[in-house]
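Below is one structure, written out as structure tokens; the observations come after it.
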Amino acid sequence: MGFRSTSVEIKGPKEIERMREVCRMAAETLTLVGEMLRPGITTEDINRFVHEDTVRRGARPAPLKYKGFPKSVCTSINEVVCHGIPGSQVLAEGDIINVDVTHIYKGFHGDTSATFYVGTPSPDAIQVTEVARRSLELGVAQVKPGARLGDIGAAIQEFAEAQRCSVVRDFVGHGIGRQFHEEPKVSHYGTWGRGIRLRPGMTFTIEPMINLGGWEVRVLDDDWTAVTADGSLSAQFEHTVLVTETGVEVLTARAGTLKGSELYPEYFAGPRGAER
Ligand code: MF3
Ligand code: CO
Ligand code: CO
């Protein structure tokens with residue numbers, strides 16, 4: 001069994017094996033989502049696909065009925081920051097959409113998301129999506145025993161703000177395991193050297209939400225959908241990670257490329273990335 005220090009659970013070998021299993025499944029479902037996305041489908045089509053694929057694996061979709069959330073996946077388009085509710089909205093050419101998949105299997109949670117390009121993206125869509133993608137990579141790169149939780153947010157904030165983007169403050173990453181959301185809270189902005197020390201056996205998510213405009217968000221009347229206050233585009237990527245004895249293991253790493261969310265190399269090479 002795991003034990004807790006500073007209220008953050010340390011997972012033992014058996015729990016880590018379970019986490020590997022559920023996280024691999026969630027990553028596989030997300031990969032399949034990439035293959036079904038195209039202009040003209042609805043977010044409800046994505047919901048149905050994720051629900052059925054999850055159940056087919058013998059897992060359960062964690063979002064369904066979580067604190068009253070009505071669907072099995074979160075679908076967040078364009079200015080929607082997170083927690084978008086699937087429904088009749090049709091994906092349009094040029095949209096960006098984050099699909100956030102969380103499975104429960106044998107009592108453990110695996111949580112992962114990506115932002116996908118629907119058709120050909122605008123330069124703004126590429127900008128915010130590639131900054132979010134890189135932000136997650138930089139956050140993950142901070143994870144090792146002895147590092148501080150604040151190092152993750154500091155690395156992300158430093159990069160994202162240098163790219164003239166902002167980091168959402170009202171939503172954070174989280175410890176994960178038997179609970180969907182456990183301690184610690186993983187802020188995506190912060191200060192180097194601050195926060196608890198990371199220890200082997202900790203499992204948590206890193207899930208930076210990056211806005212093209214300001215970081216402020218507001219929640220719509222459905223009490224879930226969070227949008228940018230200024231209507232600017234927002235993108236997010238999420239992995240569940242394990243602190244190992246030597247560094248980090250990305251539990252929701254994908255086997256191959258993610259169709260519909262391929263890296264736009266022009267972004268880092270081209271003038272726009274440097275200029276903005
Ligand atoms: N998957 C989200 C996260 O990364 C949480 C969604 S909660 C829900 O933490 F209720 F909206 F599903
Ligand atoms: Co999460
Ligand atoms: Co998630």
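In listed order, ligands and their atoms are each counted from 1.
Put simply, the side chain of W215 reaches to within 4.5 Å of the side chain of D170, judged on heavy atoms.
Contact annotation for D111 and ligand 1: only side-chain heavy atoms (C-beta onward) come within less than 4.0 Å of the ligand. Of all the heavy atoms of C74, the ones lying under 4.0 Å from any atom of ligand 1 belong exclusively to the side chain. When heavy-atom distances to ligand 1 are checked against a 4.0 Å cut-off, Y66 comes that close through both its backbone and its side chain.
T252 and R24 form no side-chain donor-acceptor contact under 3.5 Å, judged by distance and modelled atom types alone. Side-chain contact of T54 with H103: a donor-acceptor pair under 3.5 Å is present, judged by distance alone.
Residues R18 and E15 are not paired through a salt bridge, judged by the lack of any N-O separation under 4.0 Å between the basic side chain and the carboxylate.
Per residue E238, closest N, O or S atom to the Co ion (ligand 3): atom name OE1. For D111, the N, O or S atom closest to the Co ion (ligand 3) goes by the atom name OD1.
In the vicinity of P63, heavy-atom distances shorter than 4.0 Å reach the ligand 1 atoms 12 (F). Below 4.0 Å from some heavy atom of T102 lie the following atoms of ligand 1, by number and element: 1 (N).
Among the atoms of D100, no N, O or S atom is found under 2.8 Å from the Co ion (ligand 2). The Co ion (ligand 2) has no N, O or S atom of H181 inside 2.8 Å of it.
At the shortest separation from atom 4 (O) of ligand 1 among protein heavy atoms lies E207 OE1, 2.8 Å. Protein heavy atom nearest atom 10 (F) of ligand 1, with residue, atom name and distance: F69 CB, 3.2 Å. Among all protein heavy atoms, the one lying closest to atom 9 (O) of ligand 1 is H181 NE2, 2.8 Å.
Between the side chain of T205 and the backbone N or O of H174, at least one donor-acceptor pair lies under 3.5 Å.
Geometric assessment of R169 against the ring of Y189 yields a positive cation-pi assignment under the 6.0 Å and 45° thresholds.
Annotation: H181 is in aromatic contact with Y66 [ring centroid separation under 6.0 Å].
Not a single heavy atom of K67 sits under 4.0 Å from any atom of ligand 1. Residue contacts with ligand 1 include F180, since one or more of its heavy atoms lies under 4.0 Å from the ligand.
Residue E238 has at least one N or O atom closer than 3.5 Å to an N or O atom of ligand 1. Among the atoms of D100, some N or O lies under 3.5 angstrom from an N or O of ligand 1.
The distance from atom OG1 of T129 to atom CG of L263, rounded to the nearest 0.5 Å, is 11.0 Å.
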